[in-house]
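Data first, discussion second: the structure below is written as structure tokens.
Ligands are counted one by one from 1 in listed order, and the atoms in each one are counted from 1 as well.
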Amino acid sequence: MNRTLGRIGSLILRRCYSIDYLVNSIPKPGATYTPRESEKLASKKQASPKKPKAKAKAKKPVPPSKLIDQKLLLDGFEPFTPAQYARAQHVFRAGKPVLSWTLADYDEIPDVKYARLARERELKYSNLDPYHKNETTENMLNSRKTFGIKPDLLQPLPEVLVIGHTNAGKSSLINRLLLDKEKLKRQDQLAYVSARAGYTKTMNCFTISNKFRIVDSPGFGWHGEEVQGKMVIDYIEKRDLLKMVYFLVDTTAGLREEDSAIVDHLIELGVPFSIIFTKVDNPKVVEELALTFEVSCRKFISDDNGVRDIRASILDATGI
Ligand SMILES: Nc1nc2c(ncn2[C@@H]2O[C@H](COP(=O)(O)OP(=O)(O)OP(=O)(O)O)[C@@H](O)[C@H]2O)c(=O)[nH]1
Ligand SMILES: [Mg+2]
């Protein structure tokens with residue numbers, strides 16, 4: 001376990017994101033928060049009598065996290081330019097997500113299936129002896145028939161995949177990325193969310209504005225099923241269009257053995273991935289997580305900023 005963590009810290013972890021979902025535990029810009037000891041020392045001058053006042057003001061249903069604070073937000077992620085962020089927000093907000101496919105078998109992905117059927121057809125006609133070949137068979141061979149599949153589905157678009165343990169928050173994240181916050185009611189969800197582990201049973205692919213695709217996946221581990229895992233692994237191993245894997249780690253559960261195994265596999269395959277820490281609205285687990293990751297996971301970002309970062313990252317990864 002330690003070996004894997006070390007590798008994540010030093011080599012692979014391209015970027016850490018965390019999503020504060022549902023509960024707003026992060027002080028909003030302009031809001032007050034309780035400074036940490038290090039900050040107090042750093043800014044002795046500013047330790048003005050205003051602070052107790054500020055403390056008294058901070059009456060929120062959920063107290064601000066000790067680790068996620070304004071300072072961390074400020075020196076948090078700056079990997080993208082303001083223009084990139086703005087563009088990402090625009091693309092996601094204006095984009096119309098469409099469910100393109102929902103499957104439990106890699107070979108049934110429309111373009112994969114099409115390629116297979118086309119190969120089979122070619123084989124069939126190439127085996128015909130010249131005497132039996134006629135114009136019709138030639139036409140069949142060269143035809144761009146889609147075998148009944150909507151041509152749009154065959155259009156190659158860059159894809160990103162969301163994976164993680166069951167209940168890690170994959171479908172929640174996808175909803176959060178694709179829908180406005182106000183629309184996050186159950187009836188408006190694109191990817192169904194449930195407290196029951198193992199809820200998503202298929203890989204579900206959403207196409208956004210015909211530009212790129214985001215794929216939700218069934219979780220592995222507790223209540224996950226082998227056959228579902230096979231499709232996800234097939235997809236990771238074979239899918240040329242895959243540009244980035246977003247690997248979700250539920251901070252309330254910590255990094256599990258299964259997580260380490262998948263991370264190892266991603267490393268072996270050389271598939272680019274980013275880790276997203278979910279459920280960071282519990283300050284206690286965040287504290288533990290920060291201790292575990294120490295250097296590599298110092299920065300936590302708020303709900304909106306987190307979503308903004310991931311959106312920008314998706315555009316970056318897909319080259320949109
Ligand atoms: N507090 C909190 N709860 C969350 C967060 N993200 C997801 N949840 C909850 O966690 C549970 C599981 O969320 P899902 O999005 O269905 O998780 P999943 O990874 O898609 O799960 P499977 O489809 O079963 O693999 C739901 O009850 C969500 O409301 C978060 O950031 N904070
Ligand atoms: Mg799900």
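The N/O atoms of Ser217, backbone and side chain alike, include none that comes under 3.5 Å of an N/O atom in ligand 1. By the 3.5 Å distance cut-off applied to N or O atoms, Thr200 is counted among the residues near ligand 1.
The Mg ion (ligand 2) has an N, O or S atom of Ser171 under 2.8 Å away, backbone or side chain. Not one N/O/S atom of Thr166, from backbone or side chain, sits under 2.8 Å from the Mg ion (ligand 2).
In terms of heavy atoms, Gly95 sits closest to Ser209 at CA-OG, 2.9 Å.
Contact of the Lys170 side chain with the Thr200 side chain is not registered, since no non-hydrogen atoms from C-beta on lie closer than 4.5 Å.
Salt bridge annotation for Lys243-Glu159: absent, with no cationic side-chain nitrogen under 4.0 angstrom from a carboxylate oxygen.
Between Tyr106 and Tyr235, the ring planes are perpendicular. Angles over 60° get that label, and only those under 30° would be called parallel.
Each of the following atoms of ligand 1 lies closer than 4.0 Å to a heavy atom of Gly219: 25 (O). Heavy-atom contacts of Ser172 reach the following atoms of ligand 1: 6 (N), 7 (C), 13 (O), 14 (P), 15 (O), 28 (C) (cutoff under 4.0 Å).
For the residues Lys170, Lys201, Arg176, the heavy atom positioned nearest atom 18 (P) of ligand 1 is part of Lys170.
In summary, the aromatic rings of Phe212 and Phe92 are positioned with their centroids under 6.0 Å apart.
A donor-acceptor pair under 3.5 Å is formed between the side chain of Arg116 and the backbone N or O of Asp107.
At a 4.0 Å cut-off, at least one heavy atom of Ala168 sits close enough to ligand 1 to count as contact.
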